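Here's the structure, in structure tokens; my notes come after.
The analysis underlying the following values was restricted to heavy atoms, covering all of them including side chains, and did not include hydrogens, waters or symmetry mates. Note on naming: letters A, B, ... go to the chains in the order of the sequence lines (proteins, then strands), and numbering restarts at 1 for each one. Quick caveat: nothing in here was measured; it's all calculated off a predicted structure.
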Protein chains: 2
Amino acid sequence: MPAPHDSRTGQPPTLRDVAERAEVSAMTASRVLRDDPRVLPATRDRVRAAAAALGYRPNEVARSLRLGRGTGLVGLVVTNLANPFYSRLALGVDSVVAADGLKTVIGNTGQDPDVERDLVADLVARRVDGIIAVPAGSGQSHLAAAAAEGVPVVLASRPPEGFAADCVLVDDFGGARAATALLLARGHHRVGFLGSPPAVYTGTERLRGYHAAHAAAGLTADPRLVRQGQTEPAEAERAAAGLLALAEPPTALFCSNNRNTIGAFRAVRATGTDTALAGFDDFELADALGLPLTLVTYDSDELGRTAGRLLVERVRERRGGDVGGHRRVVMPTGLVEYGS
Amino acid sequence: MPAPHDSRTGQPPTLRDVAERAEVSAMTASRVLRDDPRVLPATRDRVRAAAAALGYRPNEVARSLRLGRGTGLVGLVVTNLANPFYSRLALGVDSVVAADGLKTVIGNTGQDPDVERDLVADLVARRVDGIIAVPAGSGQSHLAAAAAEGVPVVLASRPPEGFAADCVLVDDFGGARAATALLLARGHHRVGFLGSPPAVYTGTERLRGYHAAHAAAGLTADPRLVRQGQTEPAEAERAAAGLLALAEPPTALFCSNNRNTIGAFRAVRATGTDTALAGFDDFELADALGLPLTLVTYDSDELGRTAGRLLVERVRERRGGDVGGHRRVVMPTGLVEYGS
DNA sequence: CTGTTAGCGCTTTCAT
DNA sequence: ATGAAAGCGCTAACAG
């Protein structure tokens, strides 16, 4: 364990300090520390020894300024990291970009569009190498602006609106349609819908799927059974309880994300009805709830990894490659049945 | 929506570009953009207009290099962001530091000590303003080195070893002892223990609590009922199944974290025994499992926020304040009973 | 193989 | 009220 730095000053050692100690120029020290081969082995050793003795670490801030190449950071903009969907996404992204030496900066917006705007602007000012975002839904002009400044942008689970960017989507429409169709095929003719606020892309796509399944079965969904706007389980539970308390309650519920599914589950259990339950997104312990539960599943880790991969390719591109036009990856969904 | 930058070049506009367009020196432009009052209102307006027209954003990399003040980033080092414990911590930390204009960089180690070392070194090289870490357990010399270089370090849920740093802890010992005591008081004399690898601080503290409860009741825990080393629910399930298959199986299990509790729950349900279950950490849907479950709880969001607060105070201190000696905050625990 | 010069974008210091 | 010079730590580009 070398002394971290010269104790005369509280400042970390600089390249100059290393160079002086090794009695070479800063340039030679720089070469050695970047493994440039054109240095005499003896000099190399002296420099290495000096660096080790001082506990020298190159200042990455200075390097990125000099190299003009960005900071080796990627911004990840999400609404709520405590939601397991987003934390898995974050992990998937980080695992991929870390392999390229990039670090992930998190930006949690808490659903606030103003926070989201500021966050993106700040990430751009910080010269991140790219941004992966799951925009909350009320406009993407801030992302468009970032893209226009040359910062690669990748959207996860929502498509770009009004500008071009890579994105990874889930087959929201198809998955929701399949799950709803299953409920209808089992004889449920009154199927309720619980979903996120209408401005959220995935929510409206999944609602479209719900309606499409009805249409395919020659049915029309009762609009009174559609409740949008719930973001947290507690809200979803109230909304579900409201549906179950109707004079003609639904005999089944389709929930457009895991927050709504969990809320609906609580409402059904509390009410004691045998309402059938289906939802989008798998979640931990879904199999252990003691109620039959049909879920639309997809590989959520792969979603994050794919987003990371798309971004990394763009970052490499800026350093010389060429990926070509913007890509749109759609992840397939499956159906899983839990409970007895 | 202003044009993001001059389209002649793909480069974002610099202060010079703004200055030229406003026909002032870079210095004056800089003053205006930092709201330095000593500028003629007319000039100010010209500069503001130029900046807006170009879509100028100050280069934060250059600023931090010049100001020598760090980057406005804090590093968060955890083992597994997909674990809800860590994602809540991350959110708590971020919510506090964001209020001070700081961003959180995530470093996910995946339990690998080498990755952890590299990560910390890299964060230091990137000149983060501070580091919040939940070290995996095999040595903290890398954190000590960071602290020695003057980077504020705050540890969450583990105390510093071999160096001084602020930390936030949970009352691991007391919580585990209370939960175990409850099981013993209910007549369980064979209580199993499921926990993380022995190198993990929280695991061993909680094991200590488990033993202390036995001692206080005049009992000695059967060492064959102690299983350490499970990190994921699947491993924990196997370990629990092993205990339940013993000739003299435990009649109750105490699990030292949520991963182990979930695994134990699965094993108990699969076996169909009426083994009593207790564990450390609350988790979503713990109340919905249909089995009685006693959990040691604490405010995990507050844990993250406290860590963030301790760090922010140190960061401010480096800019002139004085917080004094290193602090150790211990969060109290409670006991919750779920299930019928 | 090694060193000198110059400058990334910004701001502090010292003029004017 | 404004500007010129210098430099944060580092590294391309060019000497020698």
Side-chain angles (χ1 to χ4, degrees), chain A residues 5-6 9-48 50-51 54-72 124-127 129 149 319-320, chain B residues 5-6 9-48 50-51 54-72 124-127 149 319:
Chain A
H5 57 82
D6 195 323
T9 144
Q11 301 310 308
T14 73
L15 189 60
R16 263 185 136 76
D17 299 328
V18 174
E20 279 176 19
R21 194 175 221 270
E23 303 183 284
V24 295
S25 76
M27 203 48 238
T28 302
S30 172
R31 288 200 181 94
V32 171
L33 295 165
R34 269 174 309 122
D35 293 316
D36 188 317
R38 308 175 305 175
V39 180
L40 213 59
T43 331
R44 186 203 325 271
D45 293 345
R46 279 217 316 290
V47 173
R48 290 234 172 91
L54 295 172
Y56 172 76
R57 307 275 329 175
N59 183 330
E60 291 297 334
V61 176
R63 297 192 85 230
S64 24
L65 179 59
R66 176 65 242 235
L67 300 177
R69 263 209 233 129
T71 48
V124 173
R126 288 190 132 89
R127 299 305 192 262
D129 281 326
E149 290 211 25
R319 312 201 275 235
Chain B
H5 57 83
D6 195 323
T9 142
Q11 300 310 306
T14 73
L15 188 61
R16 262 186 138 77
D17 298 328
V18 174
E20 278 175 19
R21 195 175 219 271
E23 301 183 286
V24 295
S25 75
M27 205 42 244
T28 302
S30 172
R31 287 201 182 93
V32 171
L33 296 165
R34 268 170 313 121
D35 293 313
D36 187 317
R38 309 176 303 176
V39 180
L40 215 57
T43 332
R44 187 203 322 273
D45 294 344
R46 280 219 316 292
V47 172
R48 289 233 172 92
L54 295 173
Y56 172 76
R57 308 274 330 176
N59 183 330
E60 291 297 334
V61 175
R63 296 192 88 227
S64 22
L65 179 60
R66 177 66 241 237
L67 300 176
R69 260 209 238 131
T71 47
V124 173
R126 289 191 131 89
R127 297 305 192 264
E149 289 210 27
R319 311 202 275 232

Quiz item: Can you find a side chain N or O atom of A:Arg63 that sits less than 4.0 Å from OP1 or OP2 on D:dG9?
Solution: no
Quiz prompt | C:dG9 OP1/OP2 closer than 4.0 Å to side-chain N/O of B:Tyr56 | solution = no
Quiz prompt | First of B:Arg44 and A:Ser30 reached from the 5' end of DNA chain D, by closest nucleotide | solution = B:Arg44
Self-check item: CA sep, side-chain torsions, deciding dist, call: A:Asn59, A:Thr14, side chain to side chain contact (heavy atoms under 4.5 Å, CB included)
Solution: CA-CA 8 Å; A:Asn59 183 330; A:Thr14 73; over 6 Å; no
Practice problem: Give a yes or no on whether a salt bridge exists between B:Arg38 and B:Asp36, defined as a side-chain N under 4.0 angstrom from a carboxylate O. | Solution: yes
Quiz item: Roughly, in whole Å, what's the span from CZ in A:Arg34 to C1' in C:dC1?
Solution: 15 Å
Exercise. Consider the side chain of A:Ala26, meaning its heavy atoms from C-beta on, and name the nucleotide among D:dT11, C:dG3, D:dC10 that approaches it most closely.
Key: D:dT11
Exercise. Assign A:Arg38 to base, sugar-phosphate, or nothing according to its heavy-atom contacts below 4.0 angstrom with the strands shown.
Key: base
Practice problem: Name the residue closer to the 5' end of DNA chain D, choosing between B:Ser25 and B:Leu67 according to the nucleotide with the nearest heavy atom. | Solution: B:Ser25
Quiz prompt | Separation of C:dG7 P from B:Leu65 CG (nearest whole Å) | solution = 17 Å
Quiz item: NA contact type, B:Leu40, heavy-atom cut-off 4.0 Å: base, sugar-phosphate, or nothing?
Solution: sugar-phosphate
Quiz item: Looking at B:Thr28, does any N or O in its side chain come under 4.0 Å of the phosphate oxygens OP1/OP2 on D:dT2?
Solution: no
Exercise. Can you tell me the distance, in whole Å, between the CE atom of A:Met27 and the C1' atom of D:dA15?
Key: 13 Å
Exercise. Would you give the length of the straight line joining atom CG of A:Asp35 to atom CZ of A:Arg44, rounded to the nearest 0.5 angstrom?
Key: 7.5 Å
Exercise. Report which part of the nucleic acid A:Arg31 touches: base, sugar-phosphate, or nothing (heavy-atom distance under 4.0 Å, all strands).
Key: base
Quiz item: Can you tell me how far P of D:dA5 sits from CZ of B:Arg16, to the nearest Å?
Solution: 12 Å
Self-check item: Rounded distance (Å) that lies between atom C1' of D:dC14 and atom CG of A:Asp36
Solution: 15 Å
Exercise. Hey, could you give me the OG1/CZ distance between B:Thr28 and B:Arg46, rounded to the nearest 0.5 Å?
Key: 9.5 Å
Practice problem: Determine the contact category for A:Val24: base if any of its heavy atoms lies under 4.0 Å from a base atom, sugar-phosphate if only primed atoms, P, OP1 or OP2 are that close, otherwise nothing. | Solution: sugar-phosphate
Quiz item: Which part of the nucleic acid does B:Ser64 contact within heavy-atom distance under 4.0 Å: base, sugar-phosphate only, or nothing?
Solution: nothing
Quiz prompt | Value in whole Å for how far the C1' atom of D:dT2 lies from CG of B:Leu15 | solution = 14 Å
Quiz item: In whole angstroms, how far is the C1' atom of D:dT2 from the CZ atom of B:Arg46?
Solution: 11 Å
Self-check item: Integer-rounded Å distance: C:dG9 P and A:Arg69 CZ
Solution: 15 Å
Self-check item: Contact check, side chains of B:Arg127 and A:Pro12, non-hydrogen atoms, under 4.5 Å
Solution: yes
Exercise. Consider the side chain of A:Arg66, meaning its heavy atoms from C-beta on, and name the nucleotide among D:dG9, D:dC8, D:dA5 that approaches it most closely.
Key: D:dG9
